[in-house]
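Taking it in order: structure first as structure tokens, then the write-up.
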Amino acid sequence: MMLTEEEISALLLSLKVSLWCVAVTLPPGVLLGWVLARFQFAGKAVIEAVLHMPLVLPPVVIGYVLLLAFGANGWLGYWLAELFDIRVAFTWKGAAIASAVMGFPLMVRAVRLSMSLVDPRLELAASTLGAGRLRVFLTITLPLAAPGILTGAILSFARSLGEFGATITFVGNIEGETRTLPLALYTYTQTPGMDEPAVRLVLISLAVALVALVASEILGRRAESRLLGE
Amino acid sequence: MMLTEEEISALLLSLKVSLWCVAVTLPPGVLLGWVLARFQFAGKAVIEAVLHMPLVLPPVVIGYVLLLAFGANGWLGYWLAELFDIRVAFTWKGAAIASAVMGFPLMVRAVRLSMSLVDPRLELAASTLGAGRLRVFLTITLPLAAPGILTGAILSFARSLGEFGATITFVGNIEGETRTLPLALYTYTQTPGMDEPAVRLVLISLAVALVALVASEILGRRAESRLLGE
Amino acid sequence: TVFAAASLTNALTDLGKAFQSQSGIPVKFSFAASGALAKQIQAGAPADVFASADSKWMDYLYDKGKIDADTRVDLLGNTLVLVAPQGKGFKVHMAKGFDFATAFSGKLCTGVVDSVPVGIYAKEAMTKLGWWDSIRYRVVGTEDVRAALNLVERGECGAGIVYETDAKQSKKVEVVAKFPADTHAKIVYPFALVKQSGDAEKFLDFLKTKQASEVFLMYGFTLQPR
Amino acid sequence: MLSLDVDINRGRFRLEARVEFEEGVSGLFGRSGSGKSTLLNVIAGVIDPDRGRVVLDGETLFDSEKGLCVPSHRRRIGFVFQDSQLFPHYTVKGNLLYGWKQTPPRERRFKLDDVVDLLAIGHLLDSHPRRISGGEKQRVALGRALLASPRMLLLDEPLAALDQSLKEQILPFMRRVRDELGLPMVYVSHSLPEILYLTDQLTLIAGGRILGSGPLHTLLDAEQIRSEDRLGLDNSLAVTIESHDAEGGCTFGIFQGRRLALPFRSALMPGDRVYVSVHRTEVALGKSFVEGLSIQNQLPGRIVSIDSAGDSVQIVADVGVLLRAEITQRAYRDMALREGDAVNCLIKATSFSYLTLDEGDEKAARSLDRSVIEMTSQVH
Amino acid sequence: MLSLDVDINRGRFRLEARVEFEEGVSGLFGRSGSGKSTLLNVIAGVIDPDRGRVVLDGETLFDSEKGLCVPSHRRRIGFVFQDSQLFPHYTVKGNLLYGWKQTPPRERRFKLDDVVDLLAIGHLLDSHPRRISGGEKQRVALGRALLASPRMLLLDEPLAALDQSLKEQILPFMRRVRDELGLPMVYVSHSLPEILYLTDQLTLIAGGRILGSGPLHTLLDAEQIRSEDRLGLDNSLAVTIESHDAEGGCTFGIFQGRRLALPFRSALMPGDRVYVSVHRTEVALGKSFVEGLSIQNQLPGRIVSIDSAGDSVQIVADVGVLLRAEITQRAYRDMALREGDAVNCLIKATSFSYLTLDEGDEKAARSLDRSVIEMTSQVH
Ligand SMILES: Nc1ncnc2c1ncn2[C@@H]1O[C@H](COP(=O)(O)OP(=O)(O)OP(=O)(O)O)[C@@H](O)[C@H]1O
Ligand SMILES: Nc1ncnc2c1ncn2[C@@H]1O[C@H](COP(=O)(O)OP(=O)(O)OP(=O)(O)O)[C@@H](O)[C@H]1O
Ligand SMILES: [Mg+2]
Ligand SMILES: [Mg+2]
């Protein structure tokens, strides 16, 4: 199956966006997952609610909210543009942000789940061996939560591959810039008789997902075997 | 804040759909999560890929696929209608199916994650006490994976609350039948000057999510405290 | 059940209520993108009336034999306009050779130019006017007209191409110019019965009444001469 | 009763076990890492061997050739894991009752209350397994296995984390279980006295191989067992019970035609053959028979070897068997002992420990326990 | 050195501990569930008490009034957990080196190779902690704590899962650590001999309260300690070392003006005051002084009480202190002993165990170990 130029461009863009999305959400996702797993504090419910917003609200609404925040007139957008000269609206960066926001709750929940299952006594054991908080986190908590982090990453990656609503609302469908696989796919589905190229795009998406899944499976089995021995 | 009749209808519908969605996906989700966590077999990657399809492909595509399968001419739809006289297309049942499909990968991954972290030695211990496979699963594996099942349920619930693309494509946007909160929200956004009711719907969604999250948090803390002791 | 393009939401909702109170026949609507609706009908949806935002999806169903061709009627029309954020209007000359690309700064918002009707019309018009190549990579495709309009309202885009109906409803945009009718295919909203049913036919007839026309006009649609 | 012939590879470690466990209690004894837990795991069906057969009471539980493997839950073999493996989502009571609930009522052989009392865990019933002490965990694990009323019990160092008085409470109970229910057990412990309290049937394991199996004395006599793998027991005598002197607190036995005063054990019947052992430091030497001593046994013999290494002198005297005595250099010098000299070996009746233990009344069991615990001295 | 005054509530259980641990090794002894592990947790900073103070070497580690709490990683207190708590995602080697890597090189006091050799875990270095045996885990946990070069070591039943020969290998090493590095330790064990091998400073705990603390003999004399909470030790004598008889394998001590032959211990200096104990079953009685025996010590005294309960007779003789002897009913009858009678208490030199142990050479330590292990018999 030869890919057309358009398909290649959408594929590459999707990959770029998805990988960035995972890369960008990983650190804060892990941190927040840890905080939510380990601490009880006032206002936790509010954080939770905000965190789950991208799931609970339709993607278009999230895209709109992003637009309000990151648009040229949005305070975050203004601030980014002023300070770093980064423009996210209508660029692939914006698409990455949209994906990141949509995938974030998945990432956090997965991380949180596995962090909450890490035995705190192992962390205490590490601290009696002289490891400070950060070191305990990096050498004990994090590796023990690896399966969850991996799950979070793959969920966020997959979600990002399929992200449509927030992306199109936030950054639109600009050829070569923000037309990711789902956006390209959308175009086809909205045109009568374009079923064949649509199916091709579906297959491409699935192929990407398959590769990612197999990779994560291998990593995951390695992580698990580290935990359980061989 | 008084709710209008329309809002109440959308809210109730959304709740019905979401709760059904969780109820329907829970058993197969738990089962599949367990299978994926515990067994290695040929074709696992294929199952994984299919499982993640709803994440990887844009919701509209999934909705379309569902339409093809469950529509009056679809084989599944035909079969359901013939055998059980159940019609899902363009009914709230269809909306529940759409949500269920979209939330399924989240459910399965969460369950799988926590199942893979259940210590198999405890299962073995149970079996030396005379518990058969099923009993071990029900009394050991399942309760120990409770945090993951809960996470899966809440993710699937939240995803269902926000499901838009697959639903509108599969079952349309029919007031009182399939117009869930996100679809009602969409309807408003299609109407100029309806920002205020749209915001009200957003708030309603968030309120529902908050209640669900707080409930899950309480359940989750109880589950965790059962595992870790108080 | 009436399957109607999302852009008809408010007009049809009002008319549905009016019809229901007059005839006592309940009307249900399903508003979504025309394409989605067409595919649903194709898949056997329980639709009685289909109101599409363009001819293409009506043709699609016609080809598949899913509509009652005799009842098809282009009930409404619309006009394509160029808008800009309120107070950010610019001069434009609707003619070949006009350097459209430098006339405004920022992006141009419209529906996705390959699929969303408004985008298709916009692309056609700009191509006719010879503007397309220079503007192509500044075009932001949106899911529907409302999203495009919204972007212009918020000043994210320097300009937008939308329907007049929508532009009229917004106080935050100003219409810079109307595209001449000859720059693009006629913008029509074809209606048709999906299957024969007395009640549906009555509703379709009701939409053709003067009372209905007034409502359509109020929401900014133009009436297609019949 | 239970016969094993299994091979299993676990990474570096290879278990090749061919052994028969007889009815009753079998002790499994070996160094750390020798494969004791692995062997129990195989018996319980928790891990499957790579090759071989496991047959319990004529029922084949595992047979690699026939591709047969009875799953562990149908083996009804109770297992007290070394690391207790309590279920964290049940309370202590829930753990105790886990197997109990799955046992048909008529097959239940223990009552919750009894087991709880015995193990002194009544105050813990509602506690969470993560919130109890190490020794408490071990007790709950033992109770849980018992309450499942298994047809066989595998005990992997079940009392290692317990204090002496708890051991003294639980061991006699285990003996009652052995006798009254006839429950076969395989008992792993690093404490030989603990094992010997329950049985003299021992299996020695080292490096994944069975060195020997059988009554203690056959192991002691077995030549192929290297001394480092020996139990460190010396001076064990085969004695035939002659009579009792209940008031005198003595049981008399005949050893090589000579009468020995032994600790009183009413359960022994005249004619019974038992093994008694005495530690070498508790053997004193006299030049000739001495009157007016509380020491009841004076065994005449002849010195066969003298090894004066270090502070103490190891003297082996032939009194029918070879008896080892350890005395100080000074005593050795004072007495001017020489190989071939005639000596009297002085042994207090209470210095003897029975290796073959039989049921006695509670009181006897207690004091027996004492004598068993004394035997620690002979293990090293 | 380490002073604690803490209260902590853990559900049903309440620990109220006020205790000072002196320099060197302190033994912590108490029944299962008495609060030993909890106390160690408080010292290590793994759990915080509800109230109180913990002061180590003048440094306040915890003070509820001042709101002060030094986090555990800055206390540098090594902790060998009862359930080892190995990191499952590191190999054995990774576990061993975890603390080591975080120790500045100049502060490191152990070498990996040495510790690995000592603990005989060389073949396990690349193994996964879940795939090693129970005793192997315990050894790795001990090694890990040592390699972190702590300034104090808390040991929670560190040798419970080990066989005798490993104990005999590790205990002398722990003693070297104590002496050469002067590393203070709190040592929990249910085996008193194990503790006494390292120290005679004991702390008794029961039901979350400290019953007493100090050298063993002060605990033995303390009247407020109920007998069930006593260590079960009897017959301990305070002896002043007089001289050595190296060839004779004896050390002589003066007890109440009388010369006693004791096991040889070269490290003891004339003038040292030590405690020796002898188990009551190893005390024989004679009517008068007997010649020609390998038994070196004959202490004349007078019978103060006779208790003939069961098979054996407990006789207490006053030889300066009260000495308990256990003899059979028969011996008792034969000798016709009566309260007030004069008796000679016969005790082999090798029957004495030192309660206060000092460093000796490796060999001595070994044999000491033996004598220490013998003491198990005195604990119950
Ligand atoms: N799950 C496992 N996988 C691979 N090797 C293992 C596993 N468990 C234990 N071993 C190795 O097998 C050998 C025997 O282990 P086993 O647990 O049977 O010893 P053990 O006799 O019970 O020792 P201990 O007295 O210390 O408990 C050890 O060398 C150990 O390292
Ligand atoms: N995490 C905990 N939360 C609440 N109570 C606990 C916890 N851990 C232990 N306990 C209880 O506190 C008491 C003391 O426990 P601790 O572990 O200190 O005993 P221990 O002296 O170490 O006993 P062992 O010799 O059995 O290890 C026990 O009754 C136990 O049930
Ligand atoms: Mg073991
Ligand atoms: Mg403890």
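Every chain is numbered from 1 and lettered A, B, ... according to where its sequence line falls, protein lines coming before strand lines. Remember, it's a predicted structure, so these values are computed and weren't measured experimentally.
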Show your reasoning for whether side-chain contact (heavy atoms from CB on, under 4.5 Å) applies to D:Phe29 and E:Asp163.
CA-CA 9 Å; D:Phe29 198 74; E:Asp163 56 89; over 6 Å; no
side-chain contact (heavy atoms from CB on, under 4.5 Å) evaluation trace for D:Leu39 with D:Leu28:
CA-CA 10 Å; D:Leu39 192 65; D:Leu28 186 55; 3.9 Å; yes
Going through the distances and angles, do D:Arg330 and E:Gln296 end up as a side-chain hydrogen bond (donor to acceptor under 3.5 Å, both in side chains)?
CA-CA 8 Å; D:Arg330 186 154 177 275; E:Gln296 301 268 309; 2.6 Å; yes
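Nearest approach of D:Ile347 to D:Phe352, heavy atoms of both residues: CG2-CE1, 3.6 Å.
Each of D:Glu136, D:Arg139, D:Lys137 was checked for a side chain to side chain donor-acceptor pair (under 3.5 Å) with E:Ser32, and the lone residue meeting it is D:Arg139.
When each of D:Gly135, D:Ala120, D:Ala284, D:Ser133 is scored by its heavy-atom pairs under 4.5 Å with chain E, the top score falls to D:Ala284. Of the listed residues D:Ala161, D:Ser34, D:Gly30, D:Ala160, the one with more heavy-atom pairs under 4.5 angstrom with chain E than any other is D:Ala161. By number of non-hydrogen pairs under 4.5 angstrom with chain E, the leading residue of D:Lys36, D:Gln138, D:Glu157 is D:Glu157. Chain D forms the most heavy-atom pairs under 4.5 Å with one residue out of E:Ser84, E:Ser189, E:Gly35, E:Ser127, and that residue is E:Ser127.
Residue contact with chain E, scored on non-hydrogen atoms closer than 4.5 Å, is absent for D:Val188. For D:Leu337, no part lies near chain E; criterion is any non-hydrogen pair under 4.5 Å. Interface residue D:Lys348: only side-chain heavy atoms are found under 4.5 Å from chain E. Neither the backbone nor the side chain of E:Ile132 comes within contact range of chain D; no heavy atom of the residue lies under 4.5 Å from a heavy atom of that chain. The part of D:Phe252 that comes within reach of chain E is its side chain, from C-beta onward, which places non-hydrogen atoms under 4.5 angstrom from that chain.
Listed by chain and number, the residues in a side chain to side chain donor-acceptor pair (under 3.5 Å) with E:Asp156 are E:Ser37 (sequence neighbours excluded).
Under the 4.0 Å criterion applied to side-chain N and carboxylate O atoms, D:Asp126 and E:Arg12 are not assigned as salt-bridge partners.
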